[in-house]
Amino acid sequence: MLKERIEEYKRGGEKIEALKSLIWRLAEELGHIKIMNFCGTHEWTVVHYGIRSLMPDNVELIAGPGCPVCITPSYAIEKAIELSLEGVKVYTYGDAYRLPSLKPVKGVRSLFEAKASGGKVDVVYSFLDAVKEARNERGEKLFFGIGFETTAPSYALSFCKGIVPEDFYFLSVLRLTPPAADYALSKVGKVSGIIAPGHVSTITGAKPWREIARNHSMPVVISGFEPLDVLISIATILKMIKEGKSGLVIEYRRAVREDGNKLARTYIEKVFEVSDAAWRGIGIIPSSGLELTMKFSEYDAYKRFSIKKPEAKEWVSDLPKGCKCAEITLGLAKPVDCPYYLKSCTPDRPIGPCMVSSEGTCAIWARFGGGGLAEEIAKEVGVA
Amino acid sequence: MCWAIPGKVVEVKGFLAKVDFEGSVKEVILAVDGVKEGDIVMVHAGVAITKMSEEEWEEEQRFLRELLEGRS
């Protein structure tokens, strides 16, 4: 059985050893190598399984803009809070439930706090579950529609198949990853290779990542999420650098097809159109968002509730003063560089958005001890 | 957020399917063509985004073997 064989593969300790040796061998004659990931789940794997500790000194793994919760602009959170307090039933994924806004709305800074203050908020596992619940809910309803390409098909199919009830409005904060990858690469500089998001790529296929590999002349590997997958991807990137190659390789072949998921993309194109969109703390990234087309405008929360999207010329950062979430998201800083990290900003009381979701870099490092803090302390006291 | 887990399809009804995740059965939206009972699909936030196949799994294993043997 395929499933059992995959389980067995995950436990392949001897392969981990072999890959570690290969990575060290490949990195030997290379200079400083910076490999960026674009999925919070890859950062989770890297930190949870201590993959940074397996790397030679000259191989640095950095996290990129791979967390849809972290980059959801504050205006959308503020509007959802406001509507929930005015009696509109708001459905959200658990990931965004505790996401703090910049400005408090009637003293409330998250949907979690809104619920505690009498707001109408429900946490759901999926859009389908929200649709089912909304059918029995009177009055106006709103879905807090976060996500990347991976999440968009659930919305697109539901609208196309006509299962979304009337008075159920969709607040689209859907974002596209390749434009953000391009943007991050233009800011960070000196990235040697990319670990591209495996589940996003099941939808997009190889094409947008191949373009990024070509435009930035670097190896890009679409990777699975087991520690073994990530190590294979790192080894592949190093091998390509050593051989002077750039281009795209799909490591996560068991799930990702060269041309992605055409059916899902067809539905997404029927329901959504690409627009310039705000990324929290970062600004407006051209052609990086999805909004409902005219055909589905009756469900559009922006139209129903007259929500104004920020424009590039009037953009001001929507992060709390001093919070380094934007720099961390772009791979320009690490959580330990933030003055709030694990001091006033903790998973229990998050100040910035990167401390909330299980895919936020700060939340991952806080939970599993990433960042080499122990190593730094060990060096300082002379025991490293 | 973009985490997906594998499950086995137990029933297909149009664009919806019941998927078994180690004993927990959930109704999901099918965003994949040609899914049938018994298939293994990857499900993210209630939507099946891709199907796993034996052939592609084999191909991936071959890729790993070749990488470790320095042939790729």
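Here is how names work: the chains are called A, B, and so on, in the same order as the sequence lines, proteins then strands, and each is numbered from 1.
Only the side chain of B/M42 comes within contact range of chain A, with heavy atoms under 4.5 Å apart. For a residue to count as touching a neighbouring chain, one of its non-hydrogen atoms must lie under 4.5 Å from one of that chain's; by this rule B/V41 does not touch chain A. When heavy atoms are compared at a cutoff of 4.5 Å, A/K262 does not approach chain B at all. At a 4.5 Å heavy-atom cutoff, B/E55 makes no contact with chain A through either its backbone or its side chain. Proximity to chain B is limited to the side chain of A/I163, based on heavy atoms less than 4.5 angstrom apart. B/L30 touches chain A through its backbone: at least one of N, CA, C or O sits under 4.5 Å from a heavy atom, while the side chain does not. For A/Y125, the parts sitting under 4.5 Å from any heavy atom of chain B are the backbone and the side chain alike. When heavy atoms are compared at a cutoff of 4.5 Å, A/L22 approaches chain B solely by way of its side chain, counted from C-beta outward. Residue A/V124 does not touch chain B at all, counting heavy-atom pairs closer than 4.5 Å.
In this structure the side chain of A/R253 reaches within 4.5 angstrom of the side chain of B/E59, judged on heavy atoms. Residues B/K26 and A/D129 have side chains in contact (heavy-atom distance under 4.5 Å, counting atoms from C-beta outward). At least one side-chain heavy atom of B/L68 sits less than 4.5 Å from a side-chain heavy atom of A/L19. The closest side-chain heavy-atom distance from B/I29 to A/P153 is not below 4.5 Å. A/I203 has its side chain within reach of B/I49: a pair of non-hydrogen atoms, C-beta onward, lies under 4.5 Å apart.
Between atom CZ of residue B/F63 and atom OG1 of residue A/T236 there is a gap of 3.5 Å, rounded to the nearest 0.5 Å. Rounding to the nearest 0.5 Å places CG of A/L231 at 10.5 Å from CG of B/L67. Between B/F15 atom CZ and A/L263 atom CG the span is 12.0 Å, to the nearest 0.5 Å.
In terms of heavy atoms, A/K15 sits closest to B/L64 at CD-CD2, 3.5 Å. In plain terms, the two heavy atoms of A/A255 and B/T50 that are nearest each other are O-OG1, 2.7 Å. Scanning all heavy atoms of the two residues, the minimum distance from A/R254 to B/M52 falls at O-SD, 3.2 Å. Between B/H44 and A/T150, the shortest heavy-atom contact is CD2-O, 3.3 Å.
No other option in B/E58, B/E56, B/Q61 has as many heavy-atom pairs under 4.5 Å with chain A as B/E56.
No side-chain donor-acceptor contact under 3.5 Å links A/S154 to the backbone of B/V47. Of the possible polar contacts, one joining the A/N261 side chain to the B/A31 backbone as a donor-acceptor pair under 3.5 Å is found.
With a 6.0 Å radius and a threshold of 12 heavy atoms from other residues, nucleotides or ligands, A/R135 has its CZ atom above the threshold.
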